[in-house]
Amino acid sequence: MRLLAFETSTEACSVALSVDGQVIERFELAPRRHAELALPWAQALLDQAGVAKSQLDAIAVGRGPGAFTGVRLAIALGQGLALALDRPLLSVSTLQALALRAPGKAARVVAAIDARMGEVYSACYRRQGEVLEALDAETVGAPEAVALADGEGGWQAVGTGFAAVDGALAARLQDQLIAVDAGALPHAADVATLALQAWARGERPSPESVEPAYLRNNVALTLEEQQALRAAKAAKTGG
């Protein structure tokens with residue numbers, strides 16, 4: 001099984017190639033350079049592994065949520081390659097891929113990505129062996145609106161959403177969290193892992209059927225919303 005995966009939903013750009021279970025990856029913090037890097041990295045990985053594009057069995061992408069431009073880029077790259085090669089396009093949740101970053105095989109993981117505008121993308125997962133089961137729907141909202149899938153403790157927290165808004169989410173949930181990695185970012189290698197699991201379940205989605213997960217329709221705050229957010233921050237800091 002040969003699968004090429006892209007993840008460009010955050011400030012990190014990554015591409016991974018899985019060949020018969022062996023994964024190689026390029027990963028870099030590269031804000032605003034994803035479009036420049038993704039395809040050359042993909043070709044470099046293929047060359048490194050001695051695999052031609054025509055030998056790929058499938059393409060995989062992180063479908064978001066995340067930065068609008070990055071999510072659109074991954075979908076466009078995946079669809080373009082999959083259509084050109086007449087291959088399936090497997091899409092996976094960027095939050096679920098992020099949750100795989102949780103160390104120590106944590107049984108319960110809450111993943112959160114900084115959504116800007118004073119909000120975070122988040123979702124909760126339960127680990128069962130090598131599988132991460134979603135416990136709730138992906139959401140976007142202010143840190144104070146995020147709720148764990150149950151009221152118990154013992155959660156491993158991963159993602160930049162826990163550093164967003166001055167660490168508000170980590171502070172509010174601290175009694176339920178056993179550890180926090182607020183620097184974790186999604187990797188294409190984890191997108192590949194989840195896509196391979198979907199492949200093993202028999203999933204073969206057509207490129208045309210894949211859609212991005214934006215979760216919200218607006219990409220920027222209005223002037224009024226910006227002023228309200230600044231006022232709230234000033235009130236919080238006493239400024």
Side-chain angles (χ1 to χ4, degrees), residues 4-16 25-39 41-42 59-81 89-102 109-125 132 134 136-143 145-146 157-165 167-170 180-195 198 205 207 210-221:
L4 183 66
F6 297 91
E7 173 46 59
T8 60
S9 300
T10 67
E11 57 267 40
C13 179
S14 62
V15 182
E25 181 189 53
R26 291 286 300 270
F27 175 93
E28 184 179 316
L29 291 179
R32 296 177 295 281
R33 296 185 63 211
H34 300 62
E36 170 192 345
L37 298 174
L39 282 178
W41 282 4
I59 309 296
V61 294
R63 58 168 172 76
F68 278 52
T69 302
V71 172
R72 285 197 299 267
L73 175 64
I75 297 293
L77 289 174
Q79 287 180 328
L81 283 170
L89 178 59
L90 298 153
S91 68
V92 305
S93 163
T94 295
L95 283 168
Q96 190 174 22
L98 174 61
L100 285 180
R101 296 276 101 192
V109 182
V110 52
I113 294 172
D114 186 355
R116 313 302 181 189
M117 299 163 56
E119 295 182 328
V120 298
Y121 301 112
S122 66
C124 295
Y125 300 90
L132 275 176
D136 55 12
E138 299 170 344
T139 63
V140 60
V146 175
V158 292
T160 56
F162 290 94
V165 198
L169 182 57
V180 178
D181 181 357
L185 289 163
H187 282 239
D190 296 319
V191 170
T193 295
L194 293 170
V210 173
E211 296 184 355
Y214 291 135
L215 299 192
R216 68 182 178 199
N217 296 320
N218 58 318
V219 298
L221 293 173

Worksheet item: What are the two closest heavy atoms between L4 and A42, and how far apart are they?
Response: CD2-CB, 3.9 Å
Discussion item. Just by distance, no angles: are the side chains of S122 and E138 close enough, under 3.5 Å, to form a donor-acceptor pair?
Written reply: no
Item to complete: Take F6 and C13 through the test side chain to side chain contact (heavy atoms under 4.5 Å, CB included) and record every step on the way to the result.
Response: CA-CA 8 Å; F6 297 91; C13 179; over 6 Å; no
Response to the item:
Applied to residues 180-190, the salt bridge (charged side-chain N to carboxylate O under 4.0 Å, His left out) test, sequence neighbours excluded, yields R101-D190
Fill in: 4.5 Å side-chain heavy-atom contact, V120 and I113
no
Worksheet item: Where do Y125 and L95 land on the side chain to side chain contact (heavy atoms under 4.5 Å, CB included) test, with the steps shown first?
Response: CA-CA 10 Å; Y125 300 90; L95 283 168; 3.6 Å; yes
Item to complete: Determine whether T193 and L100 make a side-chain contact, defined as any pair of heavy atoms from C-beta on separated by less than 4.5 Å.
Response: yes
Discussion item. With a 3.5 Å distance limit and no angle check, can you tell me whether E25 reaches the backbone of A188 through a side-chain donor-acceptor pair?
Written reply: yes
Item to complete: Determine whether the side chains of T94 and Q96 contain a donor N or O and an acceptor N or O closer than 3.5 Å.
Response: no
Discussion item. To check you understand the geometry: which heavy-atom pair defines the closest contact between V210 and S91, and what is its length?
Written reply: CG1-CB, 3.7 Å
Fill in: H187 and E7: side chain donor to acceptor below 3.5 Å
no
Worksheet item: Can you name the residues that form a salt bridge (charged side-chain N to carboxylate O under 4.0 Å, His left out) with R26, not counting sequence neighbours?
Response: none
Item to complete: Mind checking salt bridge (charged side-chain N to carboxylate O under 4.0 Å, His left out) for E11 and listing every partner two or more places apart, or none if nothing turns up?
Response: none
